[in-house]
Structure formats: structure tokens, C-alpha cells
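What follows is a single structure, written as C-alpha cells, with notes after it.
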Amino acid sequence: MSVVGESYLVGLLGEGVLPSLTPPLHEREADELGLRYLYRPIDLLALDGADDGSGTGDLDATIARVLDAAALLGFDALNITHPCKQRVLAHLDEVTPSASAIGSVNTVLLADGRRVGHNTDVTGFASALRDGLPGADLGAVVVIGAGGAGAAVAAALLDAGAGRLTIVDLDASRAGALAGDLTARFPGATIDSVAADALPARLADPTSAVTGVVNASFAGMHTHPGIPLDSGLLHAGLWVADIVYRPLETELLRAARAAGCRTLDGGGMAVGQAADAFRLITGVEPDRDRMRSHFAAMTREGR
């Protein structure tokens, strides 16, 4: 039987999360470990009043409502994804220093009446980069997207030794704010930002000598199909990574491979952050190789 304290009830809060592989990935690993674990998506698109289109007000109210309900119903944790990773901070009792530093939370632990925010995206992308693109030139990297995922990816790249980092976002002020925060944290690196319409010039500028591009925006997701840049800007001198994993084969990665680029899909980060979140929630270290195998099997199955 399912007993509080001896079983786990977890949710995933975000937009378009019903097809997410994170719930079955957690549940399969829990089954392997003999743990009772139930994980359900909580899709903003299915909730009334989740957003009024202005980006303010209703989304914050919905986040607060979901957190209250989760605590009332005995949830152990919520994973948090787009567009809530930054907005959820205002509704927490405590945020770990690493999550606070990047201003983004993707895991909220609910215990003893408190809501504590963590971030496993940084370590998830770091492990994916290390394992999936060994030896990648980090001399000058462009990160597309200044939201919660972009902040995590940027921090992971700088931790890994990126010498120059450029943040690009449709909202130039948001990109500038993230670049400023990162500069304060990583004074040894050169960090700047450019508006989205300036990205072609940055990639084409030989003095910039861009070596890698990471899409950390939602462009390319099943709910937001497309590509975050002009594919004609890609060339064999670049490596290209995408954090999107639904679909795993994004338009960006197809174009990058056609241009001769080394590529990294979003599966590595998806598994890495999930494994770290699983350990936070249960206190049990998962088998990461087994989780990677489960993820690969689910993507082959077309889940």
C-alpha cells in the first residue's frame, strides 16, 4: 500500500507537459529500485486562467494555486518547467544558493510545511555537454534564450570554462540583465548580450570567432515548432546543442548536421536533470546509465 513517508507523489508544472518523458522516466527508475512513486504532469494549458496573455498576474496566481494544492494533497515535490522556472521563486520559502544565483528553479521540495527550490538544470546540462560533446571548443559560445533554462545553461558553460559567452533573447533587456548577473559571478569571462536581430552579425563576424551555439529557448518544442536562427548561418566550424527533447530531432539539429556541425540533442540534459531531481526527492541515488537506456527506449517507442 501507499503510505506517506514510504511512497512518493510528484508533479510536473509547466506548459504543454502532457507528452513529457520526465514522469515515466522517474517512475521506471523508481520501479527498478523498488520504490512506490507516482508522477503526474500538471499542464498550464489545461488549467483555467493560467495566463491572460500579458505575462503577469494570472500565471503567478496559478503557480500559487498549484503549490497550495500540491501541499494540501501531500505531494512530495514538483518539477517546474517553462514558463514557471523564474516566476515560481516568489512563491517559495527557501531557495538553494545555486538556484538563487541563476534566478531559476526546476525542482520544489514540499516538506514540513515549507517549499524549497532547487535547480538541477545546471548539472544536467554540464553532464550532457561533458559526455555528448567531449572536447567541445568553449572559446566563444552563443546561448539563445535568457529564461530559466538559458540561465542554467550559461552557468554550466561558464563553470566548464567558456571564455566568452553571448546571451541572445527576443527580449533584449532580459538578455542584458542575465549577462550582467553572470558577469558579476564569473569575472574571469567575457560576457555580453545582443538582441535577436543582431545574432546574424555576431555569428558572421570573424572577430567574434564563435565556436558553439546552444538553443536554450522553447523554439523547436512540439508546442512551438520552428528554428531559433537562420540555418544559413550554420557552418562546420560550429558545434550546436539544443536543450529541446520533444522532439529529440529538432529542425535546428537537422540543419546543423547538414552543415557539418557536431551536435548535441536535448536527451542528455533531460536525463541528467531528472536523475539529479530524483535523488533530491527520494534521497536515493538512481542508476544514470539505466535512466539513459530507459529514455532511449521511450524515444524509440515514439512516446
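Under a 3.5 Å cut-off, the side chain of Asp76 and the backbone N or O of Val10 do not form any donor-acceptor pair. A donor-acceptor contact shorter than 3.5 Å is absent between the side chain of His26 and the backbone of Tyr37. For the pair Arg290 (side chain) and Glu29 (backbone), a donor-acceptor distance under 3.5 Å is absent. Panel note: side chain Glu27, backbone Tyr39; a donor-acceptor pair is recorded below 3.5 Å. When atom types are taken as modelled, the side chain of Ser293 and the backbone of Asp289 share a donor-acceptor pair closer than 3.5 angstrom. For the pair Asn106 (side chain) and Asn79 (backbone), a donor-acceptor distance under 3.5 Å is absent. Asp169 places a side-chain N or O within 3.5 Å of a backbone atom of Asp171 that can act as its donor or acceptor partner. When atom types are taken as modelled, the side chain of Thr211 and the backbone of Ala140 share a donor-acceptor pair closer than 3.5 angstrom.
Heavy-atom minimum distance, Asp137 versus Val141: O-CG2, 4.5 Å. The shortest non-hydrogen separation linking Pro187 to Ala184 is CD-O, 4.0 Å. Annotation for Arg288 and Gly272: closest pair NH1-O, 4.0 Å, computed over non-hydrogen atoms. Counting all heavy atoms, side chain and backbone alike, Leu253 lies closest to Val240 at CD2-O, 4.0 Å. Heavy atoms only, all atoms of each residue included: Leu110 and Ala70 are closest at CD1-CB, 3.8 Å. A pairwise comparison of heavy atoms in Ser20 and Leu12 identifies OG-CD2, 3.4 Å as the closest pair.
Residues Asn119 and Ser98 have side chains that never bring a donor and an acceptor to within less than 3.5 angstrom of each other.
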- Under the side chain to side chain contact (heavy atoms under 4.5 Å, CB included) criterion, do Lys85 and Asp121 qualify, and how do the steps go? CA-CA 11 Å; Lys85 290 184 178 183; Asp121 284 335; 2.6 Å; yes
- Task: Take Val194 and Val142 through the test side chain to side chain contact (heavy atoms under 4.5 Å, CB included) and record every step on the way to the result.
- Result: CA-CA 10 Å; Val194 298; Val142 170; over 6 Å; no
- Message: For Asp68 and Arg115: C-alpha separation, side-chain torsions, deciding distance, then whether salt bridge (charged side-chain N to carboxylate O under 4.0 Å, His left out) applies.
- Response: CA-CA 10 Å; Asp68 286 343; Arg115 306 164 180 180; 2.4 Å; yes
- Would Leu203 and Val213 count as a side chain to side chain contact (heavy atoms under 4.5 Å, CB included) if you check the C-alpha gap in whole Å, the side-chain angles of each, and the deciding distance to 0.1 Å? CA-CA 9 Å; Leu203 290 175; Val213 176; 4.0 Å; yes
- For side chain to side chain contact (heavy atoms under 4.5 Å, CB included), just list the numbers for Leu234 and Leu229, CA-CA rounded to whole Å, side-chain angles, deciding distance to a tenth of an Å, and then say yes or no. CA-CA 9 Å; Leu234 301 172; Leu229 51 73; 4.0 Å; yes
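Atom CG of Leu67 sits about 6.0 Å away from atom CD1 of Ile80, to the nearest 0.5 Å. We find the CG-OG1 distance between Leu133 and Thr263 to be 7.0 Å, quoted to the nearest 0.5 Å. A distance of 5.5 Å separates CG in Asp276 from OG1 in Thr120, rounded to the nearest 0.5 Å.
Around CG of Leu33, the count of heavy atoms belonging to other residues, nucleotides or ligands within 6.0 Å exceeds 12.
For the pair Glu32 and Asp287, the minimum side-chain heavy-atom distance is 4.5 Å or more. Counting only heavy atoms from C-beta outward, the side chains of Arg279 and Pro286 approach each other to under 4.5 Å.
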